[in-house]
Protein chains: 2
Amino acid sequence: MELEDILRERDFRLTRPRRVVWEVLSESERHLSAAEIAEEVHRRDPGINVSSVYRTLALLAELDLVRESRLTETSTWEPAHADAVIHLVCENCGATRHHDAALVEDLRAEIARTADFAPSVIDVRVSGTCAKCPAPSTPR
Amino acid sequence: MELEDILRERDFRLTRPRRVVWEVLSESERHLSAAEIAEEVHRRDPGINVSSVYRTLALLAELDLVRESRLTETSTWEPAHADAVIHLVCENCGATRHHDAALVEDLRAEIARTADFAPSVIDVRVSGTCAKCPAPSTPR
DNA sequence: CTTGTTGCAAAAAATTTGCAACGCG
DNA sequence: CGCGTTGCAAATTTTTTGCAACAAG
């Protein structure tokens, strides 16, 4: 379903700021901070204000079209993806990757069974060192 | 090892702000936001400034004595605990609990094996509904 | 046309910093 | 006593909000 349809379905309008923010997010293959999004949006249309970027991100998140992550210092945004997500964050270079793992579903089952808790979304964040980076010389 | 020793070992001093912040964190059985910590610290000693609270949190985090979580809107702090941690966050009442799960270690092994990535800390955040809260009437 | 949205500028909220005074070791 | 730390106030940084003008449907 298209962005426009999703919006219209809920009586929201497809405006230029919304289209551009969505394009920027869709075209990026990595997480972007609000500042980066605002910058790129502004590059594409200097007339679009930062506050519209924030308002759009909030709206798209509400519609489950984008997802906010707080993996690092600043929070970042990306198009929403399947429920179980593993984020691999390199402590050295900061790169963030996704990783599929069937085990997450096992985890969900275990929690549902043992924790008196009904899981909906599971987020896994793994800090570590990626292949490109040297192993930490002084492991803490 | 005591706080004082850990500090002294690295040529830091045990000061009143540091002691009180540490006490507040140690005595709490839940995550606290910086504002909550500052408030409680101030209650115990009105002379301690907010900026000292922030500086202390940064130092204690550096020493791996406390840990910052960004599970919800605002980031929260808690004494550092074992590596693999599962946080259960209730979408309804906001309560945060810890949960042990051996599966996390399986996950670590799988990532190490398949992802070209050396995991150090693994954080699992599970959103959902806790036993005390009604199931969401309109599941999204 | 009607009403949701925007741009702008100002406000809020959250955190950081410079610096002289202070106090731990 | 010396140097790491603090309190304070001001500066940053990040996000939010009120409101008149604007534009999507």
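Numbered from 1 within each chain, the chains take letters A, B, ... in sequence-line order. Quick caveat: nothing in here was measured; it's all calculated off a predicted structure.
- A heavy-atom distance below 4.0 Å to DNA chain D is reached by none of the residues of residues 33-46 of chain B.
- Classification of B/E29 and B/R97 as a salt-bridged pair fails, no side-chain N sitting under 4.0 Å from a carboxylate O.
- If you measure from atom CG of B/D5 to atom C1' of C/dG25, you get 14 Å, rounded to the nearest angstrom.
- Tracing side-chain contacts under 4.5 Å through hydrophobic residues (I, L, V, M, F, W, Y), one never reaches A/Y54 starting from A/V66; they form parts of separate clusters.
- For B/R18 and D/dT5, the shortest distance from a side-chain N or O to OP1 or OP2 is below 4.0 Å.
- Residues B/F117 and A/T129 have side chains not in contact (no heavy-atom distance under 4.5 Å, counting atoms from C-beta outward).
- Over its length, the helix from C/dC1-D/dG25 to C/dG25-D/dC1 turns its helix axis by 50°, as judged from the five terminal pairs at each end, rounded to 10°.
- Summarising the geometry, the separation between CD on B/E9 and P on C/dC24 is reported as 21 Å, rounded to the nearest angstrom.
- If you measure from atom CG of B/L60 to atom C1' of D/dT5, you get 14 Å, rounded to the nearest angstrom.
- The closest donor-acceptor contact from the side chain of A/E27 to the backbone of A/V24 lies at 3.5 Å or more, if one exists at all.
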Could you run down the sub-3.5 Å N/O contacts of the protein with nucleotides 22-25 of chain D?
{"unit_1": "D/dA24", "atom_1": "N3", "unit_2": "A/R13", "atom_2": "NH1", "d": "3.1"}

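- Contact check on A/E39 versus A/R44 returns no salt bridge, with no Lys/Arg side-chain nitrogen under 4.0 Å from an Asp/Glu carboxylate oxygen.
- B/W22 has its CH2 atom 17 Å from the P atom of D/dT5, to the nearest Å.
- Counting atom types as modelled, A/R55 pairs a side-chain N or O with a base atom of C/dG7 as donor and acceptor under 3.5 Å.
- The pair A/R113-A/E110 does not count as a salt bridge, with every side-chain nitrogen at least 4.0 angstrom from each carboxylate oxygen.
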Atom pairs, protein N/O to nucleotides 9-11 of chain C N/O, distance under 3.5 Å:
none

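- Hydrophobic clustering places B/F12 together with B/I48 (ILVMFWY residues linked when any side-chain heavy atoms are closer than 4.5 Å, directly or through intermediates).
- Remark: B/D116 pairs with no residue by the side chain to side chain donor-acceptor pair (under 3.5 Å) rule, at least two apart or across chains.
- For B/D11 and D/dC3, the CG to C1' distance is 11 Å, given to the nearest whole Å.
- The heavy-atom pair separating B/L32 from B/E36 by the smallest distance is CA-OE1, 3.2 Å.
- Residues satisfying the side chain to side chain donor-acceptor pair (under 3.5 Å) test with B/R125, not counting sequence neighbours, are B/S127.
- We find that CG of B/L59 is positioned 17 Å from C1' of C/dT15, with the value rounded to whole Å.
- Paired with A/L25 under the rule side-chain contact (heavy atoms from CB on, under 4.5 Å), one option of A/V20, A/T56, A/L57 passes, and it is A/L57.
- Using a cutoff of 4.0 Å between basic side-chain nitrogens and carboxylate oxygens, B/D123 and B/R67 are scored as salt-bridged.
- If you look at A/H99 and A/H87, their ring centroids are not closer than 6.0 Å.
- Comparing B/V50 and A/V50 by the nucleotide of DNA chain C whose heavy atom lies nearest to each, the residue mapping closer to the 5' end is A/V50.
- Separating the CD1 atom of A/I48 from the P atom of C/dC8 is a distance of 11 Å, rounded to the nearest angstrom.
- Within the 4.5 Å cutoff, no side-chain heavy atoms of B/V53 are placed close to those of B/N49.
- Within the structure, every side-chain polar atom (N or O) of B/Y54 is placed at least 4.0 Å from both OP1 and OP2 of C/dT16.
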